[in-house]
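What follows is a single structure, written as structure tokens, with notes after it.
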2 protein chains.
Amino acid sequence: MDSQRADQLFESPPAESVSPAAGDTFEARRDHILQAATHVFAQYGYEKASMRTIAKAADVSLAGLYHYFERKEQLLFVMQFRVFSSLLSNLREWLVGVESPRDRLCTMIRSHVTYFAEHMAELKVCSHELDSLRGETYDQAREIRLAYYGLTREIIASVIELDPPDYPLDLHVATMSLFGTLNWLYRWWNPSHPTPPKVVASQITNQFLAGICGHTA
Amino acid sequence: MDSQRADQLFESPPAESVSPAAGDTFEARRDHILQAATHVFAQYGYEKASMRTIAKAADVSLAGLYHYFERKEQLLFVMQFRVFSSLLSNLREWLVGVESPRDRLCTMIRSHVTYFAEHMAELKVCSHELDSLRGETYDQAREIRLAYYGLTREIIASVIELDPPDYPLDLHVATMSLFGTLNWLYRWWNPSHPTPPKVVASQITNQFLAGICGHTA
DNA sequence: TTATTTCGTTCGAACGTCCGTTCGGCTCTC
DNA sequence: GAGAGCCGAACGGACGTTCGAACGAAATAA
């Protein structure tokens, strides 16, 4: 992956490519393999998931797998990069036109929970395998994670500034408290859970808002 | 581990043993190895941690390691079992004489955060490797985890009953929200963090209490 | 007392398996 | 026939686990 630029490698499938038919097929196969790998990672964990299992899940041969991804690590990296990018760009889109700090926080949580409910395997792997990458791949994934964290932190900060609580509140602790709740979702929530995602999102929002302000939304 | 009873295997070192000197030494060596394994698990993750690395960390040979633990899985299981047992019994002790629901919740969070700050490696592994056990070992670890969860859930329930919030609140979502915050601690807090554990515990308590009631402690 | 046996403890060396990765060659399409 | 796509087969290494032998101290027998 060192031979290609990040913006060529990790974006969602491009609208066009140099060699149209072949290019489309290549990207589609690549996405299909990545999707299969994601579910294998989610089921077995990154270390225990073998390239042979991923190949079977993607319905390609072991050697064929290496035609699309140079290394096992690249599978995890590209997936994490795409997911964090999507989370961040989705959030930025949803935030357009939302000005009240409380509404922005509400939007952030709703955006995250919605994305989670629609991409459970991806977010499980992203929450659980944060330290499975090494070196440059870790740094790049970390960078975009921090951008997501930073944006959330700013939203929380403006909520607090507008309506400070009557007890000492550290901004970092508050932010990590929210991410803890959100990133723990994959441990207990699934599509067959009685509580629908919208209700979960709204309760987390209510709890967190009341928690950092002292009253509900 | 199938040839011994759980209460023989997994309790903390017994006060006496049949063969005093030798028994003491055996238990001490066992504890020492378990301690080393815990830190290796915390650093590399269960799957990536090798028995060879654990043996080096414990300063025994690879084969010598197997004199104290039959399988790699047993290392993880005994550790998890002891930690969850300690968490549960600690909490029960701390709760003795505490009657107000709010004080009981405050006690639970303080107890958990204090234990976490003093046993970071253990709780990191317990939070991160919940699904690394299989079969009977998984079931046994799960059972005691659920006891800890159940006790916490009851505490939260009585807080809510005494002082219901003005928005719909699902008890399970609320409980998991708290455990998410607590179990995510290992991702960002460490002994050199500027915020001391007592402050973290008190802020989590304040946030969570205000979150489920609408006002602070 | 000494000689012998037992047993808990330790370890070097190996076994079989699975892993990530590579290589050479096959089959299509252009 | 050039090149992409694809694959069977293998390579080297790391893994969890086992085996047989050694050691020392305690227990037993002489």
Side-chain angles (χ1 to χ4, degrees), chain A residues 1-4 17-34 36-37 40-41 43-79 129 132-135 137, chain B residues 1-4 8 13 17-34 36-37 40-41 43-79 129 132-135 137:
Chain A
M1 75 191 71
D2 301 320
S3 56
Q4 293 180 262
S17 60
V18 184
S19 168
D24 270 339
T25 297
F26 182 83
E27 288 301 329
R29 297 285 276 160
R30 209 177 139 93
D31 287 351
H32 173 251
I33 289 173
L34 200 55
V40 175
F41 287 156
Q43 182 173 0
Y44 296 98
Y46 175 73
E47 289 295 339
K48 205 170 184 180
S50 77
M51 293 297 268
R52 284 162 180 84
T53 305
I54 294 171
K56 271 172 206 154
D59 202 34
V60 291
S61 72
L62 177 60
L65 183 52
Y66 280 86
H67 184 68
Y68 294 92
F69 293 91
E70 298 174 23
R71 288 189 296 278
K72 184 185 181 186
E73 192 188 35
Q74 198 184 21
L75 282 162
L76 181 61
F77 174 59
V78 174
M79 196 219 57
E129 309 290 353
S132 296
L133 295 174
R134 294 282 151 193
T137 56
Chain B
M1 73 192 71
D2 302 319
S3 57
Q4 292 181 260
Q8 293 175 331
S17 61
V18 184
S19 168
D24 270 338
T25 298
F26 181 84
E27 287 301 331
R29 297 285 275 161
R30 210 177 136 91
D31 287 351
H32 174 249
I33 289 172
L34 200 55
V40 174
F41 287 155
Q43 181 172 2
Y44 297 99
Y46 175 73
E47 289 296 337
K48 205 168 186 182
S50 77
M51 292 297 267
R52 285 164 179 83
T53 304
I54 294 171
K56 272 172 207 153
D59 201 32
V60 290
S61 73
L62 176 59
L65 183 51
Y66 279 84
H67 183 68
Y68 294 92
F69 293 91
E70 297 174 24
R71 290 188 295 279
K72 183 186 181 186
E73 193 188 34
Q74 199 184 23
L75 281 163
L76 181 60
F77 173 60
V78 173
M79 194 218 59
E129 309 290 352
S132 297
L133 295 175
R134 294 282 151 192
T137 55

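All chains are named by letter (A, B, ...) in the order of the sequence lines, taking the proteins before the strands, and each is independently numbered beginning at 1.
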- In whole angstroms, the gap separating P of D:dC7 from OH of A:Y66 amounts to 15 Å
- Message: Working to the nearest 0.5 angstrom, can you tell me the gap between A:F77 CZ and A:R71 CZ?
- Response: 11.0 Å
- Query: Starting at NZ of B:K48 and ending at P of C:dG20, how long is that distance when rounded to a whole Å?
  - Reply: 12 Å
- Phosphate-side-chain proximity, B:H67 and C:dT9, N/O vs OP1/OP2 below 4.0 Å: yes
- Message: In this structure, how many angstroms lie between the P atom of D:dA25 and the CZ atom of B:F26, rounded?
- Response: 20 Å
- Is A:A49 touching bases, backbone alone, or none of the nucleic acid, heavy atoms closer than 4.0 Å? sugar-phosphate
- Could you check how far CD of A:E73 sits from C1' of C:dC19, rounded to whole Å? 16 Å
- Query: Between NZ of A:K48 and CD of B:E47, what distance do you get to the nearest 0.5 Å?
  - Reply: 5.0 Å
- B:I33 CD1 - C:dT10 P separation (whole Å): 8 Å
- Item | Phosphate contact (C:dC19 OP1 or OP2) by A:S50 side-chain N/O below 4.0 Å | yes
- Item | B:L62 CG to D:dA14 P, straight-line distance once rounded to whole Å | 14 Å
- Task: Starting at CE of A:M51, measure out to OG1 of A:T53 and round the result to the nearest 0.5 Å.
- Result: 10.5 Å
- Look up atom CD in B:Q74 and atom OH in B:Y66, then write down how far apart they are to the nearest 0.5 Å. 11.0 Å
- Does C:dT10 have OP1 or OP2 sitting under 4.0 Å from an N or O in the side chain of B:Y68? yes
- Task: With DNA chain D as reference, determine whether A:D59 or A:R52 sits nearer its 5' end, using the nearest nucleotide of each.
- Result: A:D59
- Atom NZ of A:K56 to atom P of D:dG8: distance rounded to whole Å? 12 Å
- Nearest-nucleotide wise, let me know which of B:V60 and A:K72 is further upstream toward the 5' end of DNA chain C. B:V60
- If you measure from CD on B:E27 to CG on B:L34, what distance do you get to the nearest 0.5 Å? 10.5 Å
- Could you state the atom-to-atom distance from NE2 of B:H32 to P of C:dT9 in whole Å? 16 Å
